[in-house]
Amino acid sequence: MVEYEGKEVILMACSSCNIKRCKHCYISYEGDRTPLELKKLANILTKRHEVYINGAEVLVNKEYFDSYKIVNQNWMLTNGFEIYKNPSILDYLKERGIEIVEMSYHFGIQDKISKINNSMLEKNIEYLKAKDMKFKLLVTINTENYNMIEKMCDKAVELGAYGIEFTNFLSQGNARNMNSTNLLSSEQISAFFDQLLIVRKKYSKEQLIIDRSGLFGKNKNNSNCHFDCIAGRDMVVVTPDDNVYPCLFLAKPGLEIGKLADGKILLNEYIENEGNLCLAQELCNNNNEEFVSKVLKLRK
Ligand code: SF4
């Protein structure tokens with residue numbers, strides 16, 4: 001085995017979720033760390049890597065937030081449910097250094113895929129603003145809402161978001177039970193990129209940061225597209241059972257690329273990912289198993 005020497009490590013605190021997972025949820029691993037375990041690992045791994053903490057839903061245990069300062073992380077991801085139920089949790093989070101809340105807000109499809117509705121999320125936005133906390137909206141894009149990008153950005157600005165991030169619908173985890181008509185075709189992905197170009201011209205970064213996840217792959221129509229999939233090369237994900245995976249969307253039994261042992265991340269083999277394609281998109285949406293197995297050197 002070889003020790004991982006790349007930049008980023010994503011520590012998954014838990015697989016638990018307070019709404020028992022949305023229909024489109026990609027989480028495919030099981031298990032929760034104790035807050036103490038998380039803290040110990042954060043202390044060890046942060047000496048060698050950039051460490052980020054993620055859920056499923058980290059607010060299932062507020063003590064996880066004792067580790068955020070250790071890894072220097074001032075932002076968190078959430079489905080928003082705990083904030084809605086208990087807005088005073090924002091004071092607790094602020095005391096632990098959280099300044100930015102990145103919250104799911106699936107324009108056009110929220111009610112279809114989640115138990116949390118738009119009015120609950122907008123209530124949360126009021127709470128966040130009252131506490132002077134910045135927020136970013138996380139939006140899943142499928143065939144129903146891919147052509148609403150400008151409207152979504154307009155609404156995000158109106159709500160006072162500092163940013164918006166689009167994620168391509170991925171057939172992984174619970175989402176595998178959803179109809180494949182949710183998956184964007186390559187023409188729809190191109191149309192998404194065209195709209196992205198328009199909104200990035202319309203809004204300056206001071207007005208709205210507009211991000212998109214790697215799951216859309218490379219924008220083939222834009223020679224300035226700096227797409228680079230760093231999965232397994234410069235980023236690994238460590239799940240609560242100490243398995244190591246190349247990306248959070250690929251944290252699923254059978255796709256292990258290594259193990260955490262004695263505080264060290266050991267890879268089965270060095271991963272040479274050239275980065276031209278999104279491995280998760282290739283495996284889950286394009287069924288390109290052969291390519292992904294080859295890059296990740298998976299043993300059949
Ligand atoms: S596989 Fe690569 S490009 Fe795709 S989401 Fe993961 S890191 Fe990003």
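Note that ligands are numbered from 1 as they come in the structure, with each ligand's atoms numbered from 1 the same way.
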Next item on the list: Answer yes or no as to whether an N/O/S atom of C247 is found below 2.8 Å from atom 6 (Fe) of ligand 1.
Entry: yes
Next item on the list: Any atoms of ligand 1 less than 4.0 Å from a non-hydrogen atom of F249? List them with their elements.
Entry: 5 (S)
Note to self: Could you identify the single nearest non-hydrogen protein atom to atom 4 (Fe) of ligand 1 and state the distance to 0.1 Å?
What the structure shows: C278 SG, 2.3 Å
Notebook entry, point to check: Going through the checks in order, is the salt bridge (charged side-chain N to carboxylate O under 4.0 Å, His left out) test met by K202 and E150?
Noted result: CA-CA 9 Å; K202 181 169 177 177; E150 187 166 2; 2.8 Å; yes
Item checked: Flag if over 12 foreign heavy atoms under 6.0 Å of NZ, K151 -> no
Next item on the list: Report the part of M235 in contact with ligand 1, treating N, CA, C, O as backbone and CB onward as side chain, heavy atoms under 4.0 Å; options are side chain, backbone, both, neither.
Entry: side chain
Next item on the list: Would you mind listing which atoms of ligand 1 come within a distance below 4.0 Å of any non-hydrogen atom of A280?
Entry: 1 (S)
Next item on the list: Flag C229 as yes if one of its N/O/S atoms falls below 2.8 Å of atom 4 (Fe) of ligand 1, otherwise no.
Entry: no
Margin query: With ring-ring contact (aromatic ring centres under 6.0 Å, His included) as the criterion, how do Y162 and F135 come out once you've worked through the C-alpha distance, each side chain's angles and the decisive distance to 0.1 Å?
Written below: CA-CA 6 Å; Y162 95 96; F135 62 95; 8.2 Å; no
Margin query: Taking the cut-offs as 6.0 angstrom to the six-membered ring centre and 45 degrees off its axis, would you call K218 and F227 a cation-pi pair?
Written below: no
Checklist line | Minimum-distance protein heavy atom relative to atom 8 (Fe) of ligand 1 | finding: G214 CA, 4.1 Å
Notebook entry, point to check: If you draw a 6.0 Å radius around NZ in K297, do more than 12 non-hydrogen atoms from other residues or ligands fall strictly inside?
Noted result: yes
Check: Less than 4.5 Å apart, any side-chain heavy atom of E5 and any of R48?
Finding: yes
